[in-house]
Amino acid sequence: MCGRFTLFHSIDNIAQAFNVEVPKSMQQAPRYNVAPTQDIVTILNDGTTPQLELLRWGLIPSWAKDESMGSKMINARAETLAEKPSFKRLLHSRRCLIVADGFYEWMQEPGSKLKTPMYITLKDHAPFAFAGLWDSWKNPAGEQIRTCTIITTSPNDVVSPIHNRMPAILLPEARAEWLDPKQKDERFLQELLKAYPAQEMEARPVSRRVNDTRYDNADLIA
DNA sequence: CCAGACGTTGTT
DNA sequence: GTCTGG
DNA sequence: CCAGACGTTGTT
DNA sequence: GTCTGG
């Protein structure tokens, strides 16, 4: 699955890599330990052009009575998106990219309760896009809260020794297709959610300090 | 029809 | 054991 | 994902 | 909002 990731590239870097404008007001410190419920950098097409937006990680559907769902729906299974009441509607109209440059998976040590955190990136260390879904929820104060979830899929050969799920990373050429509001073909969209090519990825163990969400420092991945 | 759930992961 | 918060 | 709380009453 | 269970 995907419950923790990094985003240390600058907003300017990201904007250039994804060919989008930098919103004037957007500030983002380098992050080495992004956790659910926090605001994350996304790209979505809410009108005519893809835009950088900060969304809260943990989907709160528009019909939710309270925000308790937000800490549960941090992932969505690619295989069942088109069937699940919570996601089907979003697959048609609320797709987004979630920008990252690495993610963590915890590997269960055989014959032990210990888990080793592994850090997984592209070999060229470029920023990439998780496939995501988003929604907007009106809180009791009447404010629209935008939230999102990261789609998971079967692991490739780099991740399968570590874990039985991995986040769906879109190939660069698939990003525009995923964001295209006119694209409604479920099968076509789900085809974009296959595991990223293993030969372009690498994984290595990192410090257990990453376990604590309050610890967010560059030495985690040094 | 209405009422109530709506999710993933991992582990057993 | 299970839920909540980050 | 992991860490940390998990309860009530009353008082400040 | 939409699906499932009764």
Side-chain angles (χ1 to χ4, degrees), chain A residues 1-7 28-29 31-41 54-95 98 100-121 130-139 144-155 159-169 184 186 190 193 195 203-217 220-221:
Chain A
M1 80 180 297
C2 180
R4 223 72 82 71
F5 65 89
T6 65
L7 183 60
Q28 183 66 16
R31 296 294 312 277
Y32 304 92
N33 197 357
V34 179
T37 72
Q38 298 174 349
D39 285 343
I40 62 179
V41 176
L54 288 181
L55 268 61
R56 186 185 194 262
W57 180 15
L59 192 87
I60 307 173
S62 58
W63 41 259
K65 290 181 198 71
D66 57 54
E67 59 185 302
S68 62
M69 226 159 226
S71 54
K72 297 174 191 153
M73 307 200 10
I74 65 170
N75 294 129
R77 289 178 70 90
E79 298 88 334
T80 53
L81 286 181
E83 305 156 19
K84 299 289 183 181
S86 294
F87 301 135
K88 184 173 186 166
R89 181 178 52 96
L90 305 179
L91 177 62
H92 285 94
S93 59
R94 299 221 156 161
R95 298 183 299 272
I98 292 157
D101 36 38
F103 63 94
Y104 299 101
E105 296 287 358
W106 276 257
M107 181 170 61
Q108 182 74 58
E109 297 298 342
S112 159
K113 283 175 204 160
L114 290 178
K115 287 182 180 177
T116 301
M118 305 288 289
Y119 183 54
I120 301 148
T121 61
F130 296 134
L133 301 173
W134 67 279
D135 206 350
S136 189
W137 174 74
K138 196 171 162 182
N139 75 7
Q144 290 295 329
I145 312 289
R146 289 166 139 196
T147 63
C148 61
T149 188
I150 296 174
I151 297 171
T152 66
T153 192
S154 297
V159 180
S160 61
I162 301 169
H163 208 70
N164 62 348
R165 303 292 294 170
M166 70 179 277
I169 297 170
K184 305 283 187 188
E186 288 175 2
Q190 284 184 295
L193 305 176
R204 60 187 168 86
V206 292
S207 164
R208 279 179 212 290
R209 281 176 301 189
V210 73
N211 288 7
D212 189 334
T213 57
R214 294 167 299 191
Y215 195 86
D216 186 355
N217 287 287
L220 282 177
I221 60 168

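We use all heavy atoms of the structure for the numbers below, so side chains are in, but hydrogens, waters and symmetry mates are not. Within every chain, numbering begins at 1; the chains are lettered A, B, ... in the order of the sequence lines, protein sequences first and strands thereafter. Source: prediction; values computed, not measured.
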Classify [X] by what it touches in the nucleic acid, base, sugar-phosphate, or nothing, heavy-atom distance under 4.0 Å.
X	result
Ser93(A)	nothing
Ala76(A)	sugar-phosphate
Phe87(A)	sugar-phosphate
Trp106(A)	sugar-phosphate
Thr152(A)	sugar-phosphate
Gln108(A)	sugar-phosphate

Are the side chain of [X] and the backbone of [Y] linked by a donor-acceptor contact shorter than 3.5 Å?
X	Y	result
Thr6(A)	Gly102(A)	yes
Thr149(A)	Ile74(A)	yes
Asn33(A)	Asp212(A)	yes
Asp135(A)	Ser62(A)	yes
Thr153(A)	Ala78(A)	no
Glu83(A)	Thr80(A)	no

**Study point:** Residue pair Tyr215(A) / Ser207(A), side-chain donor-acceptor N/O under 3.5 Å
**Key:**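 No - no donor-acceptor pair under 3.5 Å links their side chains.
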Review point. So, do Met69(A) and Trp63(A) sit near enough that their side-chain heavy atoms are less than 4.5 Å apart?
Key: yes
Rounding to an integer number of angstrom, what distance separates [N] and [M] when you compare their [atom1] atoms?
N	M	atom1	result
dG7(B)	dT4(E)	C1'	16 Å
dG1(C)	dT8(D)	P	23 Å
dG6(C)	dC6(B)	P	25 Å
dC2(D)	dT12(B)	P	15 Å

Atom pairs under 3.5 Å, N or O on each side, protein against nucleotides 3-6 of chain C: can you list them with distances?
from	atom 1	to	atom 2	distance (Å)
dG6(C)	N7	Pro36(A)	O	3.2
dG6(C)	N7	Thr37(A)	OG1	3.1

Practice item. Please report, rounded to the nearest Å, how far the P atom of dT2(E) is from the CG atom of Leu91(A). Key: 14 Å
**Study point:** Length of the line joining Trp137(A):CH2 and dG1(E):P, which is rounded to integer Å
**Key:** 16 Å
Review point. Who does dG4(D) pair with, Watson-Crick or G-U, both distances under 3.5 Å?
Key: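 WC or wobble partner is dC3(C).
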Practice item. Test Phe5(A) against every option in Tyr104(A), Trp57(A), Phe103(A) by the ring-ring contact (aromatic ring centres under 6.0 Å, His included) rule and name the one that passes. Key: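 For Phe5(A), the ring-ring contact (aromatic ring centres under 6.0 Å, His included) test succeeds with only one of Tyr104(A), Trp57(A), Phe103(A), which is Trp57(A).
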Practice item. For DNA chain D, note the earliest and the latest nucleotide, 5' to 3', having some atom under 4.0 Å of a heavy atom belonging to chain A. Key: dC1(D) to dG4(D)
